[in-house]
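Along the sequence shown, residues carry numbers from 1.
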Amino acid sequence: MNTPENIAASAGTASAEGPFDSKPGTQRCGLIAIVGRPNVGKSTLLNALVGQKISITSRKAQTTRHRITGMRTLADGQGGGTQFVFVDTPGFQTRHSTALNKSLNKTVLGAIDGVDLVLFVVEAGNFTLGDAKVLSLLRAGTPALLVANKLDTVHRRGEIAPWLKDMQERHPFAEYVPLSAKNPRDVRRLLDICARYLPEQPWWYGEDELTDRSEKFLAGEVVREKLFRLTGDELPYTSTVVIEKFDEEKSRAHGRLVRIAATIVVERDGHKAMVIGDKGERLKRIGTEARQELEKLMDCKVFLELWVKVRSGWADDEARVRSFGYE
């Protein structure tokens, strides 16, 4: 196993070792859970590992609220290769004990069970009480990689070695992987490392499949991302999006046409006014940006209608949390 000193010296560079030896034609496949506290870059990392955006991102905590599975298949051209099945999870919540947060934490715990490998994501050189809480959830017997993300923000690389040594004392990580999820070479190096921990077995999904989530689900996520990005810290995290209609039809002009109606749910009238904006401009921009991204994702023409409704206290109502699609 690499020592903290060796990794600190080579952090940020692509691995020279390359992937492990695997006989041509052999298929490997397994589940890899991506866990960590909110805002450490889990969704950005998932998108980079899959090679396409399937999980939304923003600076707001709790952007990811569901278990999202993303697949990446690296074929060897002889019927074999490795299929990585990544499970992105919500950040484990410790600040609020609402019904919504209990649902999110249940999702995290469920994702850790039965996986072949865990990627424990932290910010390089940093370790908080939130990180410690997630670390305490890791199961003995399941290999875990310490993924020190956002390496590009660390200005003094010499400080990484003592930090890595401290992290190894906290948990017996199988390997350390300092990286930046924005660096393609780092991402490929992480894929090579993950492949070593996956069992030989047939692939579970088609070679070209990227996620097990439906287009309807992705539509709600994209709208929610634009909502959070365009309202910033003004809008509380308890806002959500519900897809009311998702109808597909053939179109002579566009080949395929999807009509979507979505409701943005907020907790107060003031939040509703904030989302709508002056003369409806903010809601219009949310809709425009969401529609444009969905058209790229689904490769079709999209008509998107957005509504805003007030549902006070929904995040503390278990029945309503479930009705809005949370587990």
Side-chain angles (χ1 to χ4, degrees), residues 30-50 54-72 84-96 100-151 163-164 166-181 186-187 190-191 193-198 211-213 221 237 326-327:
L31 271 174
I32 304 169
I34 303 175
V35 302
R37 65 172 170 82
N39 292 104
V40 291
K42 298 183 300 297
S43 295
T44 299
L45 180 61
L46 172 68
N47 292 334
L49 289 165
V50 172
I54 62 168
S55 188
I56 65 173
T57 61
S58 82
R59 291 190 300 271
K60 188 183 288 290
Q62 285 195 328
T63 300
T64 299
R65 292 185 180 171
H66 302 270
R67 171 175 168 149
I68 298 174
T69 301
M71 289 82 79
R72 177 74 173 270
F84 308 84
V85 183
F86 296 102
V87 181
D88 187 23
T89 61
F92 195 84
Q93 306 297 320
T94 58
R95 296 179 58 191
H96 311 283
L100 174 61
N101 279 0
K102 290 176 182 176
S103 169
L104 302 187
N105 287 350
K106 183 179 178 182
T107 299
V108 177
L109 291 169
I112 294 175
D113 284 333
V115 299
D116 299 288
L117 180 66
V118 173
L119 303 185
F120 176 68
V121 185
V122 293
E123 292 183 357
N126 194 17
F127 189 79
T128 68
L129 288 174
D131 295 314
K133 180 64 177 177
V134 181
L135 187 59
S136 71
L137 304 176
L138 301 192
R139 306 285 198 258
T142 301
L145 305 184
L146 172 63
V147 179
N149 193 25
K150 304 183 183 181
L151 186 67
W163 175 79
L164 285 173
D166 176 66
M167 291 301 297
Q168 182 63 18
E169 291 174 354
R170 295 179 184 273
H171 185 87
F173 292 102
E175 296 190 49
Y176 313 96
V177 192
L179 55 71
S180 168
D186 285 356
V187 171
L190 178 57
L191 285 168
I193 293 170
C194 289
R196 303 171 192 158
Y197 295 89
L198 302 186
T211 182
D212 65 346
R213 286 293 191 172
E221 290 290 275
Y237 73 91
Y326 298 100
E327 299 173 1

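- Here the shortest heavy-atom pairing between Ile32 and Phe84 reads CD1-CD2, 3.9 Å.
- The structure places CD1 of Ile193 at 13.0 Å from OH of Tyr176, a figure rounded to the nearest 0.5 Å.
- Contact record, Phe173 with Leu145: CD2-C, 3.9 Å, taken as the closest heavy-atom pair.
- Residues satisfying the side chain to side chain contact (heavy atoms under 4.5 Å, CB included) criterion with Ala181, sequence neighbours excluded, are Thr44, Leu45, Asn149.
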- Task: Show the numbers, then the answer: is there a side-chain contact (heavy atoms from CB on, under 4.5 Å) between Leu191 and Leu49?
- Result: CA-CA 7 Å; Leu191 285 168; Leu49 289 165; 3.8 Å; yes
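- The CD atom of Glu123 sits 8.5 Å away from atom OG1 of Thr128, with the distance rounded to the nearest 0.5 Å.
- Taking the salt bridge (Lys or Arg N to Asp or Glu O under 4.0 Å) definition, one finds that Asp116 meets it with nothing, sequence neighbours left out.
- To the nearest 0.5 Å, atoms CG (Leu135) and CZ (Arg170) are separated by 8.0 Å.
- Met71 and Val50 get closest at one heavy-atom pair: O-CG1, 3.5 Å.
- Atom CG of Leu117 and atom CZ of Phe86 lie 8.5 Å apart (nearest 0.5 Å).
- Side-chain contact between Leu138 and Val118 is present, with at least one heavy-atom pair separated by less than 4.5 Å.
- The shortest heavy-atom contact between Val115 and Ala33 is CG1-CB, 4.0 Å.
- Nearest approach of Ala124 to Trp163, heavy atoms of both residues: CA-CH2, 4.1 Å.
- Residue Lys42 is tested with Ile34, Asn47, Val147, Leu119 for a side chain to side chain contact (heavy atoms under 4.5 Å, CB included); the sole match is Ile34.
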- Message: Please determine whether side-chain contact (heavy atoms from CB on, under 4.5 Å) holds for the pair Leu164 and Leu146, giving the CA-CA distance in whole Å, both sets of side-chain angles, and the decisive distance to 0.1 Å.
- Response: CA-CA 9 Å; Leu164 285 173; Leu146 172 63; 3.9 Å; yes
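- Considering every non-hydrogen atom in both Val40 and Val121, the closest pair reads CG2-O, 3.5 Å.
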